[in-house]
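Reading through the structure tokens given below for one structure.
Nothing here was measured: the structure is a model prediction, and the numbers come from that model.
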Amino acid sequence: MAKINILDEQLANQIAAGEVVERPASVVKELVENAVDAGSTTVDIMIEEGGLSLIKVIDNGYGIEAADIVTAFQRHATSKISTASDLFRIASLGFRGEALPSIAAVSRLQCTSSETSTGLARRIVIEGGKVTIDEPANAPQGTEMTVRDLFYNTPARLKYMKAIQTELGHISDYINRIALAHPGIAFTFKHNGNVLLRTLGTGDRLQVIAAVYGSNTAKVMLKIEAETSDYELSGYISKPELTRANRNGITAIVNGRYIRSHTINQSLLQAYHTLLPINRFPLAILEIGMHPSLLDVNVHPSKMEVRFSKEPELRTMIEDAIKAVLGRQRHIPGPESSNKLERSKPLFVQDAISFHRPEPMAESFKPYQPTTTNKTSSTPYKPPVIDREYVPRNAAEKLYAPPPTFPIDNFTVREAPAHMEQASNDSDSNLKSLETALDTASLQNAAQEAAVTLEFAEDRAYQTDVPQENLFNEAQAPVVQAMIAELPTEEETVEDQPSFPELHWIGQHHGTYIVAQSEDGLYLIDQHAAHERINYEYFFQKFGNPEAASQQLLVPLTLEFTAGEAMQLKDLIPMFAQAGVELESFGPQTFLVRSYPEWMPQGEEQSLLEEMAELLISERKTIDIGKLREKAAIMCACKASIKANDRMNREEGETLLTRLANCKQPYTCPHGRPIIVHLSTYQLEKMFKRVMS
């Protein structure tokens, strides 16, 4: 007797339903995708009891022909592909032809559809996979799908359904994402008669974001656009201060299809690197368009996973585009306020009384106002402050103390360049310093130093009544002016990255936070996070060329590990060499460190090397030199930075603020925590009731 039997159609459909219809959300997904493929402009979804009692989807698409309505509920029946070659250019959301028969096999289903606006329609009723009614009906153009008593004939599946709120959550999550993917469709989603989502279908994705996540969230989203020869990217990303505890806020859309993609998620998170705290994730809606031939959507029954043909190119495009958008923003969080700083004239402003007491010599001293202008701007030129090379040392030392200033007539003048500390009205000395700068520095640095030299000399002349023409002779003037002219204009420096606010020290709060002010309000700076960012960028640059700074040790350091760790470390010695560390095995569980970079934080070398070894062992399969460089820089920066309750004076604090402003990314520490927060002048005035509006 034959042991292999061919299953009847009804049983085969019930088995197929186990793959396609996992829960009520699966039914909603299949029906809504069919509505979208039908070219609908409005889609209404109504469910009851989490979808177990009722799921109804109504659209105004092109409908199903009367002759095809029964065929549509047969297995492998579809209008979206016809040949094998169509699998390589799938442009629709549904195409397998298994959804409708699988849903009908485990529910009581009714379908009413019309392909015209004449009111002539066809209605079909199916119970447990069997057609019970097939008759003419009266309905507007479009399709109405009604699914009742889901899993009524498969009690084992019904038994393992979750609570109503859980099933509702899955359905709501999908509706939100399909609405974000198709902002041109007006979606209405109701549960037990309550409206949970309503979009306008105007094509504005930001309006959909406001409907899904709230208007306050939509206001702080950043638009993103990019394009390559193969891909187009558009969408919105959140500022780093708006985060979530998981990745559920990331919506990836490919050719109108919501998908889950590890590739896209990793590219997104890499672009936010060091901008987000640990275990926090951004909110993002990314839509990627491409030719269907570059995409394989037929890799999973639920069609939620896809494969990309040119994945490295896609990763690079996403990461670069997001970094570019984030790089043009000031990431300085502040308290929420419904009032804008650009508010018009307030209704009432309390009269201000000046309590300012002039400082000594304020009446006799007038700050010098330079009148030199650059070639392209009519605003007075402000020479940049030249900072000495930053060299972190032991965290217990005063790492941030500024170079000495020099007093003139009991008034402290700004720091001059190092080679100008003995500068006076001696023109030969000035010219020699400029020539030295030209020989030893780039044109950019020399021009900056020349600008400061010029201002310093002019300040000196103002204070001592020395004629300005004696400070720079005719031969020097063209050189200085030409070097200043080579400096980037304000438009050139601000175009790519927003300027960091010009902060002025006020004081220190609890030995932990620097209090500073600017023309637009009050700022609080976490001194440890700020110093950590400064050190991180310093060490990251140093780890890029570690061999040049390695120093041999008279007495090698000894590192001991377990036998298992030592076996793994023997294979990782070349990785240490790339980081500038000369490591050699010395016994079964011992290693000797013959040399390491001389710029490692003093007193922390052994602990840092042990942590590097633990890092390499724990991430052996995924570690690379770039990641090791970054991790090592973070470890060094943390250990070399000042801590909370470390007191500092005005000069130290101002120097720390200056060095922070010179960082490439001065808004977050390497761990993603914010460095600086802002309280606007308007917010302060409102809190003190100086502004009544």
Problem - Polar side-chain atom of S26 near backbone of V21 as donor-acceptor pair, under 3.5 Å - result: no

Problem - Mutual orientation of the aromatic rings belonging to Y667 and F500 [parallel < 30°, tilted 30-60°, perpendicular > 60°] - result: tilted

Practice task
Using modelled atom types only, decide if a donor and an acceptor are shared between the side chain of T274 and the backbone of P670 within a distance under 3.5 Å.
Solution key: no

Practice task
Work out which heavy atom in D520 is nearest to a heavy atom in H678; give both atom names and the distance.
Solution key: O-NE2, 3.1 Å

Practice task
Show the numbers, then the answer: is there a salt bridge (charged side-chain N to carboxylate O under 4.0 Å, His left out) between R315 and E313?
Solution key: CA-CA 6 Å; R315 292 177 64 104; E313 179 184 343; over 6 Å; no

Handout entry: Ionic contact status for E537 with K664, cut-off 4.0 Å
Key = no

Problem - H331 (side chain) donor-acceptor with L326 (main chain) under 3.5 angstrom - result: yes

Exercise for the section: With the side chain counted from C-beta on, respond yes when L314 and S267 share a heavy-atom pair under 4.5 Å apart, and no when they do not. Expected result: no

Handout entry: Contact summary for G50 and I171, nearest pair of heavy atoms
Key = O-CD1, 3.5 Å

Exercise for the section: Return yes if a side-chain donor-acceptor contact under 3.5 Å exists between T42 and D59, otherwise no. Expected result: no

Problem - Q207 and T202 side chains, donor-acceptor separation under 3.5 Å - result: yes

Practice task
Return yes if some donor-acceptor pair links the side-chain N/O of R247 with the main-chain N/O of N265 below 3.5 Å, else return no.
Solution key: no

Exercise for the section: Check for a donor-acceptor pair, side chain of T199 on one end and backbone N or O of F187 on the other, with a separation under 3.5 Å. Expected result: yes

Exercise for the section: Verify, without hydrogens or angle tests, whether H528 (side chain) and I642 (backbone) share a donor-acceptor contact under 3.5 angstrom. Expected result: yes

